[in-house]
Each structure stands twice: as C-alpha cells, then as structure tokens.
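Excluded from the calculations below are hydrogen atoms, water molecules and symmetry mates; all remaining heavy atoms, backbone and side chain alike, are included. In what follows, chains carry the letters A, B, and so on, assigned in the order in which the sequence lines appear, proteins first and then strands, with residues in each chain numbered from 1.
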Amino acid sequence: MSAARGTALLQVRNLRISFGSLAAVRGADLTIYRGETHCVVGESGCGKSVTALAVMGLLARNAVREADRLVFDGQDLLRLSESQLSRLRGDRMAMIFQEPMTSLNPAYTVGSQMAEVYRRHRGGSRAEALDRAEDLLAKCRVTSPRLRLGQYPHQLSGGLRQRVMIAMALMCDPELLVADEPTTALDVTVQAQILRLLMDLQRDLGLALMLITHDLGVVARMAHRVSVMYAGEVVESAPAEHLFGNPTHPYTRGLLACVPVPGKVRRDQPLGAIPGVVPRIGPRFEGCAFRDRCGQARPDCARTVAWQANGEHGYRCVLPPDWTGPASLAA
Amino acid sequence: MSAPAIELRGLTRHFRVKTGLFGEVRHVVAVDGVSFAVPAGGVLGVVGESGCGKSTLARVILGLLPPTSGDVLVDGQRLSTLDRRARARLIQPVFQDPFSSLNPRRRIRDIVALPLVAQGGIAEAEIRRRVDEGLERVGLDPTMGERLPAQLSGGQRQRVAIARALELRPRIVICDEPTSALDVSVQAQILNLLAELRRDLGLTYLFISHNLAVVEHVATEVAVMYLGRIVERRPTEALFAAPEHPYTKALLASVLTPEPGLGIPDVGLGDLMPDPANIPPGCRFHPRCPAALDRCRTEPPQPRTGRGIEVECHLATV
Ligand SMILES: Nc1ncnc2c1ncn2[C@@H]1O[C@H](COP(=O)(O)OP(=O)(O)OP(=O)(O)O)[C@@H](O)[C@H]1O
Ligand SMILES: Nc1ncnc2c1ncn2[C@@H]1O[C@H](COP(=O)(O)OP(=O)(O)OP(=O)(O)O)[C@@H](O)[C@H]1O
Ligand code: SF4
Ligand code: SF4
Ligand SMILES: [Mg+2]
Ligand SMILES: [Mg+2]
C-alpha cells in the first residue's frame, strides 16, 4: 500500500502525560494526515491509549497533560474550552474505545444511543437520526439493521457489537477516527472482517484513521504510516513499507523478530525474544529507555538521545541507519 | 509400543445453563464426541474460535470437570481410576491468565511449593531445595521466591505458573492459552522456555491457543475445533501446507502475517455466529461454510481418516 498524501489533520508535538510520579508519555510527536491510516504500536503500558485520550481530551482527572502543539485542522486543542471540545468530539473526531462497553450503555438500545449522538451534534428529528443509524449499520455490514436498532448491547455478539461501535462513531461523518485496539478481543476470523470494514470505510470516506494495536500483523496490513512507541516515547516512525523493510531502532528490530510467521519460522529454532522488561519511568529519567535491554547500548545512550530523520523515516537512537548486530541482549 | 500420553474416547461434556427471567434452561454442548491420542513427547495444538470448547476439553482432561460421557486415558490409565494426588503427579495445567491464576496474598515460594505440600510427607528442607531448583529452571532467581505476585511482571508470573506445574515432574502439561495475555516480546520468551523444557524433560503438551502462528511454532500436530468437535487434525506442516476443511482454510486465511501490502483477506464466513446451545443440523459449520452443498444441511459428515489425518467434511478427499 503506498502512502496516501494528504494534508496534516492532527499534529501532536512534544506531548507529555504524567500520573503522579509516573511519566506515561514523554515527549511524543505524531502527525496524522487526511485519508491515511496511521498505526500506533508498542507493548502494553507504553502509552498508546493515553496518547489517544489526550488528543480527545478524555484523560482521567489525575492525569497532567502538557504539549508544545496539539492542533486539529488548524484549531489549537490546548486552548479549547471543555464545551468547545465536546462539540468536536463525536462530531469531527470520534473514538472507538479499547473496552467496548465504555462507549455502549447497557441500559439503552442501539438505536437510541446512535440517534442521541447524532441529535446532540446535528439536531433533527429522532426518525431522521434512526434512518441514518440504519444506513450506517448496513454500511458496517450489520445484518438486519432495522432489527438491531431495537436491541440492547448485551444481545449482540462481540463482532456485531464492534460493528455497532464503528457505525456509532461514524454518525456525524468524522474526519478523524481513533480506534483503540478495535479487534483485540475478537476471534481471528471476525477480526479479519472488522479490519476489512475499517479499511474500506477509511478509503471510501477518506478518513484519517489512528489505529492503535500491539499486533504487528494488523499494522502491516492496515497502515500507511506507523509509529512505534516504547516506554512513553515514539522511538520510530515511518511509512509502513519502510518500517517493515528497513526497521532501524533496535526495539523495532527486536519486536519484529518475536513474531512467529506461519511458514517462515523454523520450529527447531527459538523465536527471537527481547529479554528483560520495560522499566518504570520516573519524572527525571534521562537517556534511552531501551538501554537495559538493548544489544547495542553504549555510554552515550544514557544521555538525551536525538531524533534522527531521513526523509519520512525517523527514529530515536544513536546508531546509524545501517547498523548491524544483535538488537537485544542475549537471553 | 507404549501407551499414548493422552487418549480421548468419544469425550462429551454438556452444561445446563439457566438464562433469562423465566429460568429457561439452555443445553450447551461444549465438547461433543472428541477422540484423539497424543503420543508421549508430542505437542498437540488445539485451535478454534472463542466458545468452541477448548478450555472445557482441557478441564475435563485435567480431571477438573467430569465428562458427560466418554473416557480420558492418561499414560494408559483411566483418569477416573486415579486419585487427585496421582493425577497431579501425571498431569498439570498452565492457564492463560498469570494475573488471576496466582493467589495474590501468597509468596511466590509458597505458590510454587503448593503441589509438593499437597502430596504430603515431603520434608521442608527438601521442598525448599526443589522450589529453588524449579525457579531456576524457568529462569527466575530463587530470591524472587520471597516476593508477592503483584511485584512480578506478566512474563515472570507465567514463569512462576510453569515452575509450579513442573514441581511434581509431570509427564503431561496442559497449556490453555499460556501466552495470550502477554506482549509479543514476552510471549516469545515463554514459548522458547516451554520448548526448552519439553526437550530437557521429555514432556508432552496439549497446547491450546487461538493464535495459529504460535501453534505452528510449538505443535507437532494440530487439531481444529469447531462447536465442540475436532473438524480437522493432522501433522503441523501438513495442516499449514494443505488444509482441507473449509473452516481450517478460513482460519488460516485470517492470520495476518507482518507483511505489508497484502491487505486484509476476505474469509467469506458471513456474520452468523455459532451458538453451542443451538447446534445446526447436518454439518454444524454449514450456515457459515462458503463451500456448503445441499446435503450439508441435513447430513452430518463422518470423520474420515487416513495417513494420520482426520477431516470431517463431505468434500474431504482423505
Ligand atoms: N488513570 C490512570 N492513572 C494512573 N496511571 C495510569 C492511568 N491510565 C494509564 N496509566 C498508566 O499510564 C501508562 C500508559 O498506559 P496506556 O493505557 O496508555 O498503555 P497502552 O500502551 O494503551 O497499553 P495496553 O496495550 O495495555 O492498552 C501505564 O503505565 C498505565 O498504567
Ligand atoms: N461451567 C460452565 N457452565 C456453563 N457453560 C459453560 C461452562 N463452561 C463453559 N461453558 C460453555 O461451554 C462453551 C465452551 O466454552 P469454553 O470455555 O470451553 O470455550 P473456549 O473454546 O475455551 O473459548 P475461549 O477461546 O473464549 O476461551 C461456551 O459456550 C461456554 O459458555
Ligand atoms: S543503541 Fe542506545 S539509543 Fe539506540 S536503542 Fe540501544 S540503548 Fe537506545
Ligand atoms: S460438510 Fe459441507 S458445510 Fe460442512 S464443512 Fe464440508 S462443505 Fe462445508
Ligand atoms: Mg491501551
Ligand atoms: Mg478458553
């Protein structure tokens, strides 16, 4: 898939998020273009969800958010009031949450929840809103859409519930759709169906899709562009073909070696692994957070490491782009 | 020839579940007539969708649930003739969730010692020595034994669960999604550890996972389960190279390898979800099967076997 060129819809510069003494995100940069799927990948706890929540203005109360820039289509999100933000949310930018029941209320039918979102932003009659909901359910390939409008979330299978959430997020024609692990809880066959749907919608509606996942298979198949996060930082960002064809940050290389690929992995050989664990990062942490697991670490890795960019491919590491050797420490 | 490590004969397990306001009783057929044998030292991978009966199968084989009908033989002995302690010496589990399978209030050392203590009659110093040895075997420093589960990472906790499972030197380990809750980098560590232990200790595994790439990496043979039945079983290479059952084909087509540009495959299964309380007549896969024939709606296919392969489909060429 070649990278679709569009204008930047969302720009995040030097985003920092902390929870008390925990520095969850430490200076993340992210640019999401119109008409492009941008995947954010990384291990559990690296800050993917809180980055998305920070963009949507939905962080928990105990979070402290700072950034140099947080701009959506020319509007400075850092300066918007809560009511201005909530007018954008669900309208021009929408989110599908990691936990499905966060966005679906068990007490209301699918129809009334979808209609509510629409009427809050666009007004109009309930009947109009329900017609639109039915259209979108059909577009999201929900079987018997009229019938579904009258059902409660718990009456739907996991795959259907996910389709309903996607349809609901599309009610107001958003320009940016943030999907946080939308298929992680689903079976592989259902996952493939939902991802195909997201891919088609992204293309047909020209959405900017920010897709969060920890599954490199999903990333490879869906992304125009990929950002790899580690311990609260974006450590590498590149068009998908570059990232998979020419991974540069040792963490990215190590991660790719961990994934068993059917037909390509020898059973008599161990998988690549990254020994050790992600460190907990306090407020005054300095240097590369991967250094205690990195096979290439050297003394200057303990100082602030600069971002190196080569065209559209950038990474945060002291090594040259063509380094060779083990990515992680031996087990 | 020695007896298979695990042998199932027509194993069936039903559940009666009360639902709704009116106490309507649903009859769930979780495992429906499963037969297979796993040779000593082999690894049988079991794959299939959520709710197809994988964990129920595991729990019946472990003796944690009695079968509705059929038999489980472990190391040539009927499971029902063995008492708990004898069972524990033969067969042990490793479950999915390292977060909930360890008692949060007990030290790691006591958690790993539990199977030894339950056997009775083992001196404390001996238990101590064997726990230290067990922790080292799974790559943990014995000083970790003093910690509580909350002070360990997910991967470390799964190592603890494996150490506990191996304390009695069982012949067979039932792994139910042992790496599903872990990140890929940690998953790889645990898979490598399981492979190493199997080689060193001559273990037999039943390895349940919904991740086909993982199963391909660890299993010598793969069984594909659908609505309580094994619909296809064959040696791993053969299954991945030439799947025959339409459901196996759909599963394999759904695997997303990290190869950019290939897009998302159309697996062609439609939106109907299987319901184990309402098993379709004929072939149980027919409502979703892209290859279904007329007779599939009424006539259940019989398992066909040959050359170590088993397929349950009217179209099978075995
Ligand atoms: N409300 C909160 N209070 C305190 N800490 C939090 C809160 N929300 C998130 N964190 C912490 O912030 C860090 C980043 O969390 P985040 O949810 O973004 O991770 P993630 O990358 O989405 O992981 P996963 O893949 O598990 O979803 C974690 O260490 C997490 O424990
Ligand atoms: N104790 C129980 N009581 C009633 N029904 C049960 C019980 N255990 C399992 N079931 C039902 O039996 C069927 C098979 O469940 P099982 O847990 O074996 O599936 P599974 O293949 O392990 O699924 P998953 O991949 O989600 O773990 C499901 O419909 C489940 O709801
Ligand atoms: S070489 Fe240094 S900067 Fe690069 S990943 Fe390793 S520790 Fe980090
Ligand atoms: S028996 Fe018929 S419905 Fe069943 S899997 Fe084979 S072709 Fe499909
Ligand atoms: Mg998350
Ligand atoms: Mg299960």
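Two residues are said to be in side-chain contact when any heavy atoms from C-beta on lie closer than 4.5 Å; A:Tyr152 and A:Leu104 fail this criterion.
Atom NZ of residue B:Lys249 and atom CD of residue B:Glu244 lie 7.0 Å apart, to the nearest 0.5 angstrom.
Under the side-chain contact (heavy atoms from CB on, under 4.5 Å) rule, B:Leu135 has a single partner from B:Asp141, B:Thr143, B:Ile108, which is B:Ile108.
Residue B:Gln156: no heavy atom, backbone or side chain, is found under 4.5 Å from chain A. Proximity to chain A involves both the backbone and the side chain of B:Val255, based on heavy atoms less than 4.5 angstrom apart. Both the backbone and the side chain of B:Leu269 have a heavy atom closer than 4.5 Å to some heavy atom of chain A. Of the atoms belonging to B:Val215, not a single heavy atom falls under 4.5 Å from chain A. Only the side chain of A:Arg293 comes within contact range of chain B, with at least one heavy atom under 4.5 Å from a heavy atom of that chain. Heavy atoms closer than 4.5 Å to chain B are found nowhere in A:Val278, neither backbone nor side chain. The part of A:Gln193 that comes within reach of chain B is its side chain, from C-beta onward, which places non-hydrogen atoms under 4.5 angstrom from that chain. Interface remark: A:Val219 contributes no atoms to any contact with chain B (heavy atom separation under 4.5 Å). Proximity to chain A (any heavy atom under 4.5 Å) is shown, for B:Asn211, by neither the backbone nor the side chain.
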For this session: Check step by step if salt bridge (Lys or Arg N to Asp or Glu O under 4.0 Å) holds for B:Glu312 and B:Arg229.
Result: CA-CA 9 Å; B:Glu312 202 170 85; B:Arg229 280 188 75 79; 2.7 Å; yes
For this session: Give the C-alpha distance, both sets of side-chain angles, the deciding distance and a yes or no for side chain to side chain contact (heavy atoms under 4.5 Å, CB included) between A:Leu137 and A:Val164.
Result: CA-CA 7 Å; A:Leu137 288 174; A:Val164 166; 4.0 Å; yes
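Ring geometry for A:His249 versus A:Phe290: interplanar angle of 30 to 60°, hence tilted. Ring planes of B:Phe285 and B:Tyr226: perpendicular class, angle over 60° (limits at 30 and 60°).
Of all the listed residues (B:Ala241, B:Ser153, B:Ala250, B:Ala219), the one sharing the greatest number of non-hydrogen pairs under 4.5 Å with chain A is B:Ala219. Options A:Val188, A:Thr189, A:Leu216 differ in how many heavy-atom pairs under 4.5 Å they form with chain B, and the most are formed by A:Thr189.
Under a 3.5 Å cut-off, the side chain of A:Arg221 and the backbone N or O of A:Ala192 do not form any donor-acceptor pair.
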